[in-house]
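One structure is given below, encoded as structure tokens.
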Amino acid sequence: MKNILHIKLRTILGLACLVICILPTTRNISKSEAAEEFPASYPFISDWTSLPLSDMALINSYLAHIQDAAQTYYTERGEEVPTVSWYYVTLKELKADTQASNPTVHITFTLTPYTGAHDPVGVDEVTFAASYTGQISLLEYRRTEDPSVGIAPDELHHQAG
């Protein structure tokens, strides 16, 4: 009886040590800590199969245009040009004039450009116009959230004044 109790106690202690050693490396102990690293406002798609195929097709088709727009935006401001990867891009909105016989579609993407080891530089939005002839034009590129402050640049201006 004493041996059985001793074996059970060793097994429980061994499992507890295993859990203590393994879980921190997989970051499963503190989900709130992991959530703080990437706030919900930063789009991140680690599994493309979770997206509708049409969204993935648009992201893939426009990725070079998105990267060019980001490069121009950051270069004009004299900032380091960040990396834009498909897994940090989400489709935000598609709009078109339903009354037009050949409508131009406005496509807006939300993206999180990053530098270095995936350090976000902010949350940006880029909008393109896609004509019925296949012409793609950049309409707007703007920063919507600054990670160092955690709020939109417009809100920062209003709070400072």
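From a predicted model like this one, the values you see are computed outputs, not experimental measurements.
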Once you round to the nearest 0.5 Å, how far does [atom1] of [X] lie from [atom2] of [Y]?
X: Gln67; Y: Thr72; atom1: CD; atom2: OG1; answer: 12.0 Å
X: Leu91; Y: Met56; atom1: CG; atom2: CE; answer: 11.5 Å
X: Leu58; Y: Leu63; atom1: CG; atom2: CG; answer: 12.0 Å
X: Thr104; Y: Gln135; atom1: OG1; atom2: CD; answer: 10.5 Å
X: Thr83; Y: Asp119; atom1: OG1; atom2: CG; answer: 10.5 Å
X: Thr90; Y: Asp55; atom1: OG1; atom2: CG; answer: 8.5 Å

With a 4.5 Å cut-off on side-chain heavy-atom distances among I, L, V, M, F, W and Y, is there a chain of contacts connecting Leu139 to Phe109?
no
State, yes or no, whether a side-chain contact exists between [X] and [Y] at a heavy-atom distance under 4.5 Å.
X: His65; Y: Leu138; result: no
X: Val121; Y: Arg143; result: yes
X: Glu125; Y: Lys92; result: yes
X: Ile107; Y: Tyr62; result: yes
X: Phe128; Y: Ile136; result: yes
X: Val105; Y: Leu94; result: yes
X: Tyr87; Y: His118; result: yes

Testing the basics here: between Gly122 and Thr112, what is the closest heavy-atom pair and its distance to 0.1 Å?
O-CG2, 3.4 Å
Modelled atom types, side-chain donor and acceptor of Asp124 and Tyr74, under 3.5 Å
yes
Can you confirm whether the side chains of Ser85 and Tyr114 place a donor and an acceptor under 3.5 Å from each other?
yes
With Pro113 as reference, evaluate Val89, Ile66, Val84, Val81 under the side-chain contact (heavy atoms from CB on, under 4.5 Å) test and give the passing residue.
Val84
Just say parallel, tilted or perpendicular for the rings of Tyr141 and Tyr73, cut-offs at 30° and 60°.
tilted
Please confirm whether the backbone N or O of Val123 pairs with a side-chain atom of Thr144, one donor and one acceptor, at under 3.5 Å?
yes
